[in-house]
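Step one of this worksheet: look at the structure below.
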Amino acid sequence: MDGIHDLGGMQGFGPVEDQGADEPPFHHPWEGRVHGMMISLGANRALPGSFRYAIERMGAVQYLTTSYYEHWMAAIETLLDEQGVVSREALARRIEQGRAEPEQRLDPELAQRAKTALTAPSKRVWRGPDHRFTVGQKVRAKKDATTHSGHTRCPRYVRDVVGVIERLCPLEPLPEGLPTRDIQPVPLYTVCFHSHDLWGEGAEDFTLRIDLVEPYLEEV
């Protein structure tokens, strides 16, 4: 099932604004703090559950009228509430008290784990079925690419379009199973699509490369 949170290929949102090479990573100090909270909570194993799925449970209006890091903040609040760490009631009471200087706590071990989470390459190795397609083979992204209810990683604009397998990638969990921690390793591919096949002859001439799991693809 596609939701408002799967924006790939949707129309009517206007052009993507290019902020230039000098755009800062965070536009406001609180955004950096939210980013740090998510990384440190994850590194400390205090934020279990699917982060993306927590974002997808935001209401459509709230999702569309809030910013990227507000989505992150909403997900953190949801997951901490569900794990009994910080309830929404306790958070509401804290907000009513107004701004206060938070207590500073130094934890070098946690800081190193957070740094590792940001910089170290993943060592996960998933075992599962062999790749069915080969490099150079033509495939079509399925028109109905969503295999379960929930989040899909197959953008609308590539569906029902023919591309070519460029690379066989290591297995990755099927995205639709992640909200419920249902880990189903499946083959992953880098698929090349031509811009004219995606958006017509009037589009700029370029090749789009996108990683897609095997259940999203079918033989031509």
Side-chain angles (χ1 to χ4, degrees), residues 1-23 25 50-53 55-58 60-61 63-68 71-72 121-122 124-180 182-220:
M1 180 190 303
D2 292 317
I4 192 61
H5 319 90
D6 298 303
L7 293 174
M10 279 192 179
Q11 303 294 320
F13 287 92
V16 176
E17 297 181 5
D18 183 1
Q19 302 294 328
D22 296 330
E23 182 183 11
S50 173
F51 188 71
R52 178 66 200 183
Y53 183 51
I55 293 177
E56 289 170 348
R57 283 180 282 159
M58 295 176 66
V61 173
Y63 183 84
L64 291 175
T65 55
T66 51
S67 66
Y68 181 77
H71 298 169
W72 281 38
S122 174
R124 298 179 307 176
V125 178
W126 304 104
R127 300 188 183 279
D130 294 332
H131 290 75
R132 184 161 61 95
F133 304 120
T134 58
V135 172
Q137 183 175 354
K138 287 186 176 182
V139 292
R140 177 182 287 106
K142 293 180 180 178
K143 190 172 185 178
D144 182 10
T146 306
T147 56
H148 297 70
S149 61
H151 180 61
T152 178
R153 296 293 176 89
C154 185
R156 289 175 177 85
Y157 52 82
V158 303
R159 298 181 196 176
D160 205 27
V161 179
V162 173
V164 177
I165 300 292
E166 181 181 75
R167 182 169 65 107
L168 309 185
C169 306
L171 274 63
E172 282 289 332
L174 185 68
E176 283 82 348
L178 294 178
T180 57
D182 179 15
I183 305 299
Q184 301 180 42
V186 292
L188 179 69
Y189 303 86
T190 297
V191 186
C192 294
F193 295 92
H194 195 276
S195 59
H196 293 169
D197 295 328
L198 295 169
W199 296 292
E201 294 299 324
E204 296 179 41
D205 186 10
F206 65 91
T207 297
L208 173 73
R209 292 172 174 82
I210 182 170
D211 290 345
L212 297 170
V213 292
E214 191 168 286
Y216 295 163
L217 304 172
E218 59 188 8
E219 294 183 24
V220 175

Applying side chain to side chain donor-acceptor pair (under 3.5 Å) to Glu214 and not counting sequence neighbours gives Tyr189
Results of side chain to side chain donor-acceptor pair (under 3.5 Å) for Thr66 - residues two or more places apart only | His71
[X] side, atom [atom1]; [Y] side, atom [atom2] - distance, nearest 0.5 Å:
X	Y	atom1	atom2	value
Leu198	Phe206	CG	CZ	7.0 Å
Ile165	Arg132	CD1	CZ	10.0 Å
Phe193	Ile210	CZ	CD1	6.5 Å
Glu218	Lys143	CD	NZ	11.0 Å

Pairwise salt bridge (charged side-chain N to carboxylate O under 4.0 Å, His left out) hits with a residue in residues 184-208, at least two apart = none
Heavy-atom side-chain proximity of [X] to [Y] below 4.5 angstrom:
X	Y	result
Leu171	Pro129	yes
Val164	Gln137	no
Tyr216	Val139	no
Val213	Leu174	yes
Tyr63	Ile55	yes

Partners passing side chain to side chain contact (heavy atoms under 4.5 Å, CB included) against Asp211 (at least two apart in sequence or in another chain) | Arg167, Cys169, Leu188, Thr190
With sequence neighbours excluded, tell me which residues meet side chain to side chain contact (heavy atoms under 4.5 Å, CB included) with Pro173.
->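 Applying side chain to side chain contact (heavy atoms under 4.5 Å, CB included) to Pro173 gives Trp126, Leu178, Ile183.
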Closest contact, heavy atoms only, Ala203 versus His196 = O-NE2, 3.2 Å
Apply salt bridge (charged side-chain N to carboxylate O under 4.0 Å, His left out) to the pair Arg140 and Glu219, showing each step before the final yes or no.
-> CA-CA 6 Å; Arg140 177 182 287 106; Glu219 294 183 24; over 6 Å; no
List for me each residue that meets ring pair (Phe, Tyr, Trp, His ring centres under 6.0 Å) alongside Phe51, sequence neighbours excluded, and say none if there are none.
->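 If we apply the ring pair (Phe, Tyr, Trp, His ring centres under 6.0 Å) test to Phe51, skipping adjacent residues, the hits are Trp72.
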Is the NZ or CZ atom of Arg159 positioned over Tyr157's six-membered ring, under 6.0 angstrom from the centre and within 45° of the axis?
-> no
Polar side-chain atom of Lys142 near backbone of Asp160 as donor-acceptor pair, under 3.5 Å = no
Can Arg153 and Glu176 be counted as an ion pair, charged N to O under 4.0 angstrom?
->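 Glu176 and Arg153: not salt-bridged.
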For Cys192 and Leu208, what are the C-alpha separation, side-chain angles and deciding distance, and is it a side-chain contact (heavy atoms from CB on, under 4.5 Å)?
-> CA-CA 6 Å; Cys192 294; Leu208 173 73; over 6 Å; no
